[in-house]
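See below for the structure under consideration.
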Number of protein chains: 2
Amino acid sequence: MAEKAIIKYLSGKNLKLTPQRKLILEVFLNQGGHVSSEELYDIVKARNPGIGQATVYRTLKLFSEAGIAEEVRFGDGVSRYERKDSQNHHDHIICEKCFRQVEFSDPTIEDLQEKQARKHGFDLISHRMVLYGVCSDCRE
Amino acid sequence: MAEKAIIKYLSGKNLKLTPQRKLILEVFLNQGGHVSSEELYDIVKARNPGIGQATVYRTLKLFSEAGIAEEVRFGDGVSRYERKDSQNHHDHIICEKCFRQVEFSDPTIEDLQEKQARKHGFDLISHRMVLYGVCSDCRE
DNA sequence: TAGAAAATGATAATCATTATCACCTCTGAC
DNA sequence: GTCAGAGGTGATAATGATTATCATTTTCTA
Ligand SMILES: [Mn+2]
Ligand SMILES: [Mn+2]
Ligand SMILES: [Zn+2]
Ligand SMILES: [Zn+2]
């Protein structure tokens with residue numbers, strides 16, 4: 001469970017499990033989808049009005065480092081976060097008209113990325129891949 | 001040639017060929033690699049000190065729309081541009097330690113991207129793919 | 001060559017994110 | 001219990017790349 005992973009990560013680094021982090025974690029996990037820091041802040045604020053926006057930024061970055069969240073950038077200048085499931089990685093396709101987005105996973109592509117990296121002497125750590133197109137609805 | 005492409009693009013849209021655009025084009029084409037707007041601005045400024053930074057931003061965007069430049073984002077918050085060769089698309093691998101970057105092209109990946117898009121009802125327009133890893137030098 | 005349309009350069013504005021810093025909270029010696 | 005230190009928080013200022021604004025200048029065409 002993600003809460004366990006966070007507790008483990010925090011204790012391994014002498015970091016603390018605070019009420020703010022607990023709350024942000026709970027909201028983040030129940031949220032699903034791709035959430036920006038500001039969106040999450042609005043939700044969290046409703047439960048704890050005293051919370052600061054900087055804390056949400058900091059905590060989402062912390063979740064990424066702990067491996068339970070992944071930053072996604074669709075190119076609009078805003079970072080979004082989604083739950084990270086190391087068993088089930090996926091990438092995204094976005095409609096340039098309506099911004100609807102679809103998740104997909106393609107093990108063959110992942111394999112080839114790995115091979116390309118090795119071929120050029122790199123140990124692959126991660127990748128970003130976003131496809132941009134026009135969805136069926138927007139094509140008329 | 002790229003200059004021809006620009007002239008064609010401009011005249012087709014009632015846009016004008018100015019000395020600034022000519023100069024920025026020449027510098028951009030002779031530059032090669034991945035250039036940020038600011039880097040290009042510094043070079044251009046040496047040849048024409050009166051030029052404005054906003055003009056460089058505007059012109060690089062124009063080149064992208066005209067199809068002779070392509071915006072590349074490596075995730076450091078800066079947009080870079082490189083010459084676009086529609087015959088020879090490529091993607092990038094970046095070292096997370098030294099930021100050295102390598103270009104590669106993999107037609108099979110491109111095919112599979114196209115297929116994934118179609119499979120989800122999208123007409124694929126473009127994609128961004130950047131691999132992050134550690135290069136041979138930085139691995140020790 | 002005149003006039004409309006577009007471009008330019010200086011400058012201010014934007015806006016997501018980060019840095020700063022005074023204060024708070026916890027934990028573990030003593 | 002007291003204290004000290006490490007880490008955390010919230011308010012706020014700062015950052016920095018990019019874009020918007022606008023008065024002025026330039027281009028192009030009829
Ligand atoms: Mn997703
Ligand atoms: Mn390149
Ligand atoms: Zn759509
Ligand atoms: Zn390296």
Side-chain angles (χ1 to χ4, degrees), chain A residues 6-28 34-66 69-81 99, chain B residues 3 6-28 34-66 69-81:
Chain A
I6 280 294
I7 292 172
K8 192 173 187 179
Y9 180 83
L10 294 178
S11 67
K13 300 212 158 194
N14 286 333
L15 304 180
K16 292 167 185 173
L17 184 58
T18 63
Q20 290 91 337
R21 286 174 177 170
K22 272 188 214 161
L23 174 57
I24 294 169
L25 177 64
E26 185 195 328
V27 171
F28 173 67
H34 313 96
V35 205
S36 69
S37 184
E38 184 160 19
E39 286 162 357
L40 207 58
Y41 171 61
D42 287 340
I43 301 169
V44 164
K45 197 173 42 178
R47 301 258 304 266
N48 175 359
I51 207 158
Q53 188 155 17
T55 298
V56 179
Y57 274 102
R58 286 188 283 237
T59 304
L60 283 172
K61 187 167 290 189
L62 178 74
F63 290 170
S64 292
E65 289 156 3
E70 183 155 23
E71 194 183 8
V72 190
R73 293 184 199 172
F74 293 147
D76 63 348
V78 183
S79 283
R80 291 163 195 285
Y81 293 84
F99 301 103
Chain B
E3 181 139 5
I6 281 293
I7 291 172
K8 192 172 186 179
Y9 179 83
L10 294 178
S11 67
K13 299 212 157 192
N14 286 332
L15 305 179
K16 291 164 186 177
L17 184 58
T18 65
Q20 291 91 336
R21 286 174 176 170
K22 274 188 214 160
L23 175 58
I24 294 170
L25 177 64
E26 185 195 330
V27 171
F28 173 67
H34 313 97
V35 205
S36 69
S37 185
E38 185 160 21
E39 285 162 357
L40 207 58
Y41 171 60
D42 287 339
I43 301 169
V44 163
K45 197 174 39 177
R47 304 253 308 261
N48 175 358
I51 208 159
Q53 188 155 17
T55 299
V56 179
Y57 274 102
R58 286 187 282 236
T59 304
L60 283 172
K61 187 168 291 187
L62 177 74
F63 290 170
S64 292
E65 288 156 4
E70 182 155 23
E71 193 183 9
V72 190
R73 293 183 198 175
F74 293 147
D76 62 348
V78 182
S79 282
R80 290 163 195 285
Y81 293 85

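Per chain, numbering begins at 1; letters A, B, ... match sequence-line order.
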Point to revise | Segment of DNA chain C, first to last nucleotide, that comes within the 4.0 Å heavy-atom reach of chain A | key: C:dA16 to C:dT20
Practice item. Could you pick out which residue, A:T55 or B:Y57, lies toward the 5' side of DNA chain D when each is mapped onto its nearest nucleotide? Key: A:T55
Point to revise | Over 12 foreign heavy atoms within 6.0 Å of CD, B:E3 | key: no
Exercise for review: Search all heavy atoms of B:L60 against all heavy atoms of B:S37 and return the closest pair with its distance.
Suggested key: CD1-CA, 3.6 Å
**Study point:** Separation between CD1 of A:I51 and NZ of A:K45, rounded to the nearest 0.5 Å
**Key:** 11.0 Å
Contacts under 3.5 Å, N or O only, protein and nucleotides 22-29 of chain D:
from	atom 1	to	atom 2	distance (Å)
D:dT27	O2	B:K16	NZ	2.9
D:dC28	OP1	B:L17	N	3.4

Study note, to complete from the structure: Assign each of B:P49 and B:K13 the nucleotide of DNA chain C bearing its closest heavy atom; nearer the 5' end lies the nucleotide of B:K13
Check your understanding: Is a side-chain N or O of A:R21 found less than 3.5 angstrom from the main chain of A:K16, in a donor-acceptor match?
Key -> yes
Point to revise | Nearest-angstrom distance from the residue atom OH of A:Y41 to P of D:dA11 | key: 7 Å
Exercise for review: In plain terms, say whether B:E65 and B:K13 are close enough for a salt bridge, that is, a side-chain N and a carboxylate O under 4.0 Å apart.
Suggested key: no
Exercise for review: Report the distance from atom CD of B:E38 to atom P of D:dT18, rounded to the nearest whole Å.
Suggested key: 9 Å
**Study point:** Test: B:E39 and B:R80 ion pair at under 4.0 Å
**Key:** yes
**Study point:** Whole-Å distance separating the CZ atom of B:R80 from the C1' atom of D:dG16
**Key:** 14 Å
Exercise for review: May I ask you to check whether B:E71 and B:S64 show a side-chain donor-acceptor distance below 3.5 Å?
Suggested key: no
Check your understanding: When the nearest nucleotide of DNA chain C is assigned to A:K61 and to B:G52 on a heavy-atom basis, which residue is associated with the more 5' position?
Key -> B:G52
Exercise for review: Take the protein atom CD of A:Q53 and the nucleotide atom C1' of D:dG8, then report the distance between them rounded to whole Å.
Suggested key: 17 Å
Revision key, fill the gap. 5'-most contact on DNA chain D (nearest-nucleotide basis), A:G50 vs A:N14, goes to A:N14
Review point. Are any non-hydrogen side-chain atoms of A:T55 and A:Y57 less than 4.5 angstrom apart?
Key: no
**Study point:** Side chain to side chain, A:Q20 and A:T59, heavy atoms closer than 4.5 Å
**Key:** no
Exercise for review: Specify the separation, in whole Å, of atom CD1 of A:I24 and atom C1' of D:dG8.
Suggested key: 11 Å
Check your understanding: At under 4.0 Å between heavy atoms, what does A:S79 touch on the DNA or RNA strands: base, sugar-phosphate, or nothing?
Key -> sugar-phosphate
